K.L.:
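Below is the structure I would like to discuss, written out as structure tokens.
All ligand and atom numbering here is 1-based and tracks the order in the structure. Only a predicted model underlies this, so the values are computations on that prediction, with no experimental measurement involved.
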Amino acid sequence: MLTGKSTPMQARQDAAGSLAPEPQALAGAFAQDLMRALASRPRSISPKYFYDEQGSRLFDRICELPEYYPTRTEVGILTANARNIAAQMGPQAEIVEFGAGSLHKVRLLLDAMERPARYLPIDISGEHLARCVATLQRDYPALDVQPVIADYTQRLLLPAAMPGAGLRVGFFPGSTIGNFTPDEALHFLQVTGQVLRGGALLLGADLVKDPAVLHAAYNDAQGVTAAFNLNLLARANRELGTRFVLEHFAHSAFYNAPLQRIEMHLVSRCRQQIAVGGEAYEFEEGETLHTENSHKFTIDGLRALAVRAGFRPGPVWTDKDNLFSVHWLNAPQ
Ligand code: AVJ
């Protein structure tokens, strides 16, 4: 499964690629999952479908918002502790990044590491990944970068370790682990522990905090998060030929305190019918499509979860306000 330098490895489950608008008998994972979501109660769909070309760009804008503290806080933590983190990694380590996005954060690690051996960014958004890899490769010409276009929530086959390589370190920043339910997070950590056997996982986790701070982070004044949420429907219109009227849906994000998570929904503003793949689906006024969970953690809770998945927790780094945490987790042998 080795690929040439900067040649994206196309994962099997993505073989359908982007879909041409085709009203009948829609194929592909997005169409299938959207139809399944619309047919079930309560309606919910995986947040991974946010990240097409436009969604990835909107997410980058979210990371710059004044209200959205996680990115800048995590970057601060990684910057302040880069030497310590690099010391944990040791020489000639390789980084496997899950949901690599725009490849900004890894630079902080690469700059501090001793002779990084290889970087394997995994992302579901192929073109976005290819462009970001090109930019990274320009700044790190000697680095072996092997992008992997894949859905890391599915079974993953990675290139074998290179001869003489150091530690294989998984990198899962941004608190993307919060998108999983606790059961899914446990399963992800178990599978990832096997992929990283003998290595480690560097994991970013957003922390439980004042609900007002959380609320503001997902309800920004400029409406970028709303556009990001609504892009799910815009994407369906582009790829599946659906006719969602975006104005007929409202962005809703709130903190569910008992479940320690932000929930995002798209709320139908009126009674309406949507056709997908030859099926008609009815929305009542106020009915929602649940598009994302973003779980918040305590440091002890996250470490306990990692232990249940077979990891041995190492150092934890945080910011002075305890907004966000970065965990070193030793993978099973
Ligand atoms: C990428 C999943 C970490 O949950 O905060 C940002 C995505 N959603 N604003 C998060 C997101 C709405 C983000 N993660």
Side-chain angles (χ1 to χ4, degrees), residues 44-52 54-75 77-78 97-106 121-125 128-129 132 151-153 170-182 184-185 188-189 201-235 249-256 259-267 288-297 302 319 323-327:
S44 78
I45 189 164
S46 167
K48 70 187 178 192
Y49 293 114
F50 284 142
Y51 300 94
D52 69 342
Q54 302 220 27
S56 296
R57 239 179 282 131
L58 284 165
F59 181 68
D60 281 351
R61 284 182 58 201
I62 288 177
C63 293
E64 305 279 314
L65 292 169
E67 299 96 331
Y68 194 73
Y69 65 86
T71 309
R72 95 176 49 86
T73 308
E74 185 180 42
V75 165
I77 295 169
L78 293 173
E97 185 169 356
F98 301 93
S102 292
L103 319 187
H104 293 312
K105 291 172 189 169
V106 76
I122 307 168
D123 205 277
I124 197 168
S125 189
H128 191 76
L129 180 61
C132 296
D151 175 355
Y152 61 80
T153 65
F171 185 37
F172 196 33
S175 200
T176 304
I177 191 163
N179 274 170
F180 296 129
T181 63
E184 290 167 347
F188 170 80
L189 289 173
L201 178 64
L202 185 64
L203 176 71
D206 197 12
L207 297 174
V208 167
K209 61 179 61 61
D210 182 347
V213 174
L214 291 170
H215 191 272
Y218 294 84
N219 290 278
D220 65 279
Q222 293 172 56
V224 182
T225 308
F228 176 70
N229 196 5
L230 285 159
N231 178 58
L232 186 94
L233 305 180
R235 176 183 184 176
F249 289 87
H251 165 70
S252 169
F254 57 89
Y255 187 55
N256 181 335
L259 295 181
Q260 297 193 348
R261 69 192 195 193
I262 289 280
E263 293 185 19
M264 292 213 309
H265 295 252
L266 291 163
V267 185
T288 85
L289 173 60
H290 186 175
T291 49
E292 186 176 49
N293 288 320
S294 186
H295 288 82
K296 307 304 166 187
F297 302 88
L302 194 286
D319 57 291
L323 295 175
F324 200 92
S325 59
V326 175
H327 299 248

K.L.:
State whether the side chain of Glu97 and the backbone N or O of Leu103 hold a donor-acceptor pair below 3.5 Å, judged by distance alone.
P.N.:
no
K.L.:
Please report the C-alpha distance between Tyr69 and Phe324 in whole Å, then the side-chain angles of each, then the deciding distance to 0.1 Å, and finally whether the ring pair (Phe, Tyr, Trp, His ring centres under 6.0 Å) criterion is met.
P.N.:
CA-CA 9 Å; Tyr69 65 86; Phe324 200 92; 7.6 Å; no
K.L.:
Hey, which atoms in ligand 1 end up nearer than 4.0 Å to a heavy atom of Gly174?
P.N.:
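Those qualifying, in numeric order: 3 (C).
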K.L.:
N/O of Lys296 under 3.5 Å from N/O of ligand 1, yes or no?
P.N.:
no
K.L.:
For atom 11 (C) of ligand 1, which protein heavy atom lies nearest, and how many Å away is it?
P.N.:
Glu292 OE1, 3.6 Å
K.L.:
I'd like to know if the side chain of Thr73 pairs up with that of Asp319 as donor and acceptor (distance under 3.5 Å, no hydrogens or angles considered).
P.N.:
no
K.L.:
Can you name the nearest heavy-atom pair linking Met264 to Ala253, along with the distance?
P.N.:
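Nearest pair, atom of Met264 first, then Ala253: CG-CB, 4.0 Å.
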K.L.:
Quick check on contacts: which atoms of ligand 1 are under 4.0 angstrom from a heavy atom of Ser175?
P.N.:
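Near Ser175, meaning under 4.0 Å from one of its heavy atoms, ligand 1 has 3 (C).
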K.L.:
Which class fits the ring pair Tyr68 and Tyr218: parallel under 30°, tilted 30 to 60°, perpendicular over 60°?
P.N.:
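Rings of Tyr68 and Tyr218: perpendicular, over 60°.
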K.L.:
What orientation do Phe254 and His265 show, parallel under 30°, tilted 30 to 60°, or perpendicular over 60°?
P.N.:
parallel
K.L.:
With heavy atoms only and a cut-off of under 4.0 Å, state how Phe50 meets ligand 1: side chain, backbone, both or neither.
P.N.:
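Within the 4.0 Å criterion, Phe50 makes no contact with ligand 1.
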K.L.:
Does Gly178 come within less than 4.0 Å of ligand 1, judged by its heavy atoms?
P.N.:
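False for this residue.
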K.L.:
For Ser294, counting its heavy atoms only, list the atoms of ligand 1 lying under 4.0 Å from any of them.
P.N.:
4 (O), 5 (O), 10 (C)
K.L.:
What atoms of ligand 1 come closer than 4.0 angstrom to any heavy atom of Phe228?
P.N.:
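What qualifies from ligand 1 is 8 (N).
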K.L.:
Using heavy-atom distances, let me know which of Tyr69, Tyr51, Tyr68 sits nearest atom 6 (C) of ligand 1.
P.N.:
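Nearest heavy atom to atom 6 (C) of ligand 1 lies in Tyr68.
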K.L.:
Would you mind reporting whether Thr176 and Tyr152 have side-chain heavy atoms less than 4.5 Å apart?
P.N.:
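They are in side-chain contact.
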